[in-house]
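See below for the structure under consideration.
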Amino acid sequence: MGIYIACFGIGVVSHAADFLSRGWRPYAFGPPALEAFWTSLVVLDALVIALIIAGWRRCALLLAAVVMVTDVSANAFASFALRIPGFDLALILQAAFLGFVLGSLPFLWPNKLPSALGGQENNR
């Protein structure tokens with residue numbers, strides 16, 4: 001789970017830095033739907049971390065997978081279909097992390113429900 005926290009933490013810092021350096025619309029170079037998605041990543045990445053820390057492992061893992069599939073898809077579309085420059089290295093690293101997220105899910109997914117739902121573990 002530490003790798004998740006570190007990588008999503010990098011995402012939070014990267015997107016926050018974009019806001020600090022480029023203002024309230026740091027992704028205005030992209031179409032409105034992509035701009036809105038990229039802007040939301042500062043919150044979504046932080047939410048994954050918060051869910052992990054709070055012990056809501058299933059929610060965190062599910063959100064992490066959704067965020068990464070969507071992020072890699074959006075960035076690939078921006079890079080290959082829209083020909084927006086600057087995604088080359090980031091896309092490779094994000095795709096590798098997506099592989100890690102999807103590959104680790106079966107090993108990290110809690111087998112038991114939280115005690116409030118009749119289980120033994122606190123990994124909602």
| said: Quick check: is Phe8 connected to Met1 through a chain of hydrophobic side chains (ILVMFWY, heavy atoms under 4.5 Å apart)? | reply: yes
| Hphob cluster co-occupancy, Ile53 + Leu44, side-chain heavy atoms under 4.5 angstrom | yes
| Pairwise side-chain hydrogen bond (donor to acceptor under 3.5 Å, both in side chains) hits with a residue in residues 82-97, at least two apart | Asn75-Gln94
| note | To the nearest 0.5 Å, atom CZ of Phe97 lies from atom CD1 of Ile10 at 9.0 Å
| message | Could you report the tightest heavy-atom contact between Val42 and Ala16, atom names first, then the distance? | response | CG2-N, 4.0 Å
| Non-hydrogen side-chain atoms of Phe29 and Glu35 separated by less than 4.5 Å | no
| query | What distance do Ile52 atom CD1 and Leu63 atom CG have between them, rounded to the nearest 0.5 Å? | reply | 9.5 Å
| request: Please round to the nearest 0.5 Å and tell me the distance separating atom SG of Cys59 and atom CG of Leu47. | output: 9.0 Å
| query | Can you tell me how far the CG atom of Leu41 sits from the CG atom of Asp71, to the nearest 0.5 Å? | reply | 5.0 Å
| Do the two ring centres, one from Phe77 and one from Phe37, sit under 6.0 Å apart? | no
| task | May I ask whether Val101 and Ile3 are part of the same hydrophobic cluster, defined by side-chain heavy atoms of I, L, V, M, F, W, Y residues being less than 4.5 angstrom apart, directly or through others? | result | yes
| Which residues pass the side chain to side chain donor-acceptor pair (under 3.5 Å) test with Ser104, sequence neighbours left out? | Tyr4
| field | Cluster check Val12, Ile5: I/L/V/M/F/W/Y, side chain < 4.5 angstrom | value | yes
| Just by distance, do the side chain of Arg58 and the backbone of Trp109 share a donor-acceptor pair under 3.5 Å? | no
| message | Quick check on the hydrophobic clustering: are Trp56 and Val66 connected, directly or via other members, by side-chain heavy-atom contacts under 4.5 Å? | response | no
| Is the distance between the ring centroids of Trp38 and Phe19 less than 6.0 Å? | no
| task | Could you pull out the closest heavy-atom pair between Ile84 and Pro31, with the gap in Å? | result | CD1-CD, 4.5 Å
| Heavy-atom pair of closest approach, residues Asp18 and Pro26 | O-CB, 3.5 Å
| Audit row: Phe80, Leu91, side-chain contact (heavy atoms from CB on, under 4.5 Å) steps and yes/no | CA-CA 11 Å; Phe80 299 121; Leu91 191 53; 3.8 Å; yes
| query | Closest heavy-atom contact between Leu34 and Ala74? | reply | CD2-CB, 3.6 Å
